[in-house]
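All chains are named by letter (A, B, ...) in the order of the sequence lines, taking the proteins before the strands, and each is independently numbered beginning at 1.
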2 protein chains.
Amino acid sequence: MTAPDRRNQILDAAQELIQTRGYSAMSFQDIALKVGIRKPSIVHHFPSKNALGEAVVRRYRETFAAVLAGVDADPDKTVWDALEIYFGPYLDFAGTPDKVCLCGALAGEAMALPVEMRHELALFFEGHERWLEGILRRGADAGLFRLADRPDKMARFLFCALQGALLAKRATGDLQQLTDVMDTIRATLRPGGA
Amino acid sequence: MTAPDRRNQILDAAQELIQTRGYSAMSFQDIALKVGIRKPSIVHHFPSKNALGEAVVRRYRETFAAVLAGVDADPDKTVWDALEIYFGPYLDFAGTPDKVCLCGALAGEAMALPVEMRHELALFFEGHERWLEGILRRGADAGLFRLADRPDKMARFLFCALQGALLAKRATGDLQQLTDVMDTIRATLRPGGA
DNA sequence: GTCTATACAAAGATAGAC
DNA sequence: GTCTATCTTTGTATAGAC
C-alpha cells in the first residue's frame, strides 16, 4: 500500500534481480538501469548493498506473513482453500521464465550473504513451516486431511517440496515440475486417497 | 579413481566453493588460495571460469549417476536399501555447517550461469528424478512401497523435498530440517502407514 | 606447468556540486 | 534527492619469462 516512491522502486528492482540472478550477481548498476537513475542515488536510500539486501528480504517476509495471517483470520476459508492460496505465489513465479521464490534463491548462496540477511532467511523458512503446520493440524482435526506423519514434520515436507519444485521448474524449464508436485501434495493429503 | 592431480584439485576446490557460496561468489583467487597456486595457473587448466564451472557440474553429475547405476545393478539391494543409499550424500552435506548439493546451490542462481552449466543442471535434475521413479515403480510393484500418486510424480515430489530440505537445513542451521523430511518420506512410502 | 606482471572491466562506496 | 567524478578493490583474462 506504500506509494511507488523511489525507495520502493529500488526495492522492487532489487527483489526481481535477486529472484532471477541471485544476490551475488546483482549489482547497483543493474538496479540503477531498471529504475532509471544512477548508482550513487541508490546509496542515498540504502547505505550499502548489505543494507539493501536486508531490506528486500524483510519486506518480502513481512508481506508474505501478512497474507498468511489474513488467511488464518478468515473463517470462510477451508484448509483446502488455504492450501490453494498458499500455492498461488509459487504458480505466479513459475509463470515467468526466470523467477523463483526470493528466499529459495537466497538459500543457495546463504554463506555468501551478510548475517542480517541470513537471519531474515531463517525467519522466512521457520514462519512458513509454522503456518503450514497450523493448516495441516486444523485439517487433520477436522478430518479434511490425512497425515502420514506429525503435522510439524509434514509441514516441513510440503514446504521443502514446493521450494525445491520451483527451483527444479526453472532449472529444467518444465512447468510440470511444480504442478506435478502440487498434484501429489493434494493426493497425499486427501483422506480417501490410496 | 583419477589421481589427485592438479586438475582434480582445482575441480575439488571449485566444487566446494560453489556448494558453500555459489558460483557467482566463487573466484579464481579463492580457488588458488585453496589449492596453493596462483590465479593464472588455473587458467592453464581451464581457459575460463565458465569452462571450469561446466567441468565441475559435469563431473558431479556423472559421478552421482555412476553410483545410482551401481545401485540399480546390484540385485542384493532392496528398494528400501536404495532409498537409504540415496539419502547418504544429503546427510553427508548436512553434516557440514555450510554445504548443500552442488546443483541445489546452482539452481538458485540459474539465470546467472552460462548456458552450458544450465544444461548440465537440467540433466542432473532429470536424471535423479528418473532414477527415483524407477526405484518407486519397483517398490510399488513388489508391494514394498505404497504410492499416493504416479511413480514419476512421486519421484519429483521426493526429489524436490530433499533438495529443498538441504537448503532449509543450511538456512536455519537445524539438521532436523533434513532428517524430519527423510522420516516423513519413509512414513509416506510405508505400506502399512496411516 | 607455474610463475610475475599487467591489462581491462566492473564492483561497492565516497565527496561534493547542484 | 540526484548528479558527476573519483577512489579502491576485486574480478576474469592475457603475455611472456622460467
Please tell me which of the listed nucleotides, [options], lies nearest to the side chain of [X]?
{"X": "Val43(A)", "options": "dT2(D), dT14(C), dT2(C)", "value": "dT14(C)"}
{"X": "Pro40(A)", "options": "dA11(C), dT2(C), dT14(C)", "value": "dT14(C)"}
{"X": "Arg38(B)", "options": "dT4(D), dT12(D), dC3(C)", "value": "dC3(C)"}
{"X": "Ser27(B)", "options": "dT4(D), dT12(D), dT14(C)", "value": "dT12(D)"}
{"X": "Ser41(B)", "options": "dT14(D), dT2(C), dC3(D)", "value": "dT2(C)"}

From [atom1] of [X] over to [atom2] of [N], roughly how many Å is that when rounded to an integer?
{"X": "Lys39(A)", "N": "dG16(C)", "atom1": "NZ", "atom2": "P", "answer": "19 Å"}
{"X": "Arg21(A)", "N": "dA11(C)", "atom1": "CZ", "atom2": "P", "answer": "9 Å"}
{"X": "Ile42(A)", "N": "dT2(D)", "atom1": "CD1", "atom2": "C1'", "answer": "12 Å"}
{"X": "Leu33(B)", "N": "dC3(C)", "atom1": "CG", "atom2": "P", "answer": "12 Å"}
{"X": "Gln29(B)", "N": "dA5(C)", "atom1": "CD", "atom2": "P", "answer": "15 Å"}
{"X": "His45(A)", "N": "dT14(C)", "atom1": "NE2", "atom2": "P", "answer": "16 Å"}
{"X": "Tyr23(A)", "N": "dA11(C)", "atom1": "OH", "atom2": "C1'", "answer": "12 Å"}
{"X": "Phe46(B)", "N": "dG11(D)", "atom1": "CZ", "atom2": "P", "answer": "19 Å"}

For Ala55(B) and Arg7(B), which heavy atoms make the closest approach, and how far apart are they?
CB-NH2, 4.5 Å

Is the distance from OP1 or OP2 of dG1(D) to the nearest side-chain N or O of His44(A) less than 4.0 Å?
yes

Closer than 4.0 Å, any side-chain N/O of Arg6(B) to the OP1 or OP2 of dT2(C)?
yes

Do Met111(B) and Phe125(B) belong together in a cluster built from hydrophobic side chains that touch within less than 4.5 Å?
no

Assigning hydrophobic clusters by single linkage (Ile, Leu, Val, Met, Phe, Trp, Tyr; side-chain heavy-atom cutoff under 4.5 Å), is Leu189(A) placed with Leu91(A)?
yes

Checking Lys169(B) against Phe93(B): charged group under 6.0 Å from the ring centre and within 45 degrees of the axis?
no

Assess the pair Phe157(B) and Phe157(A): is the distance between their ring centroids shorter than 6.0 Å?
yes

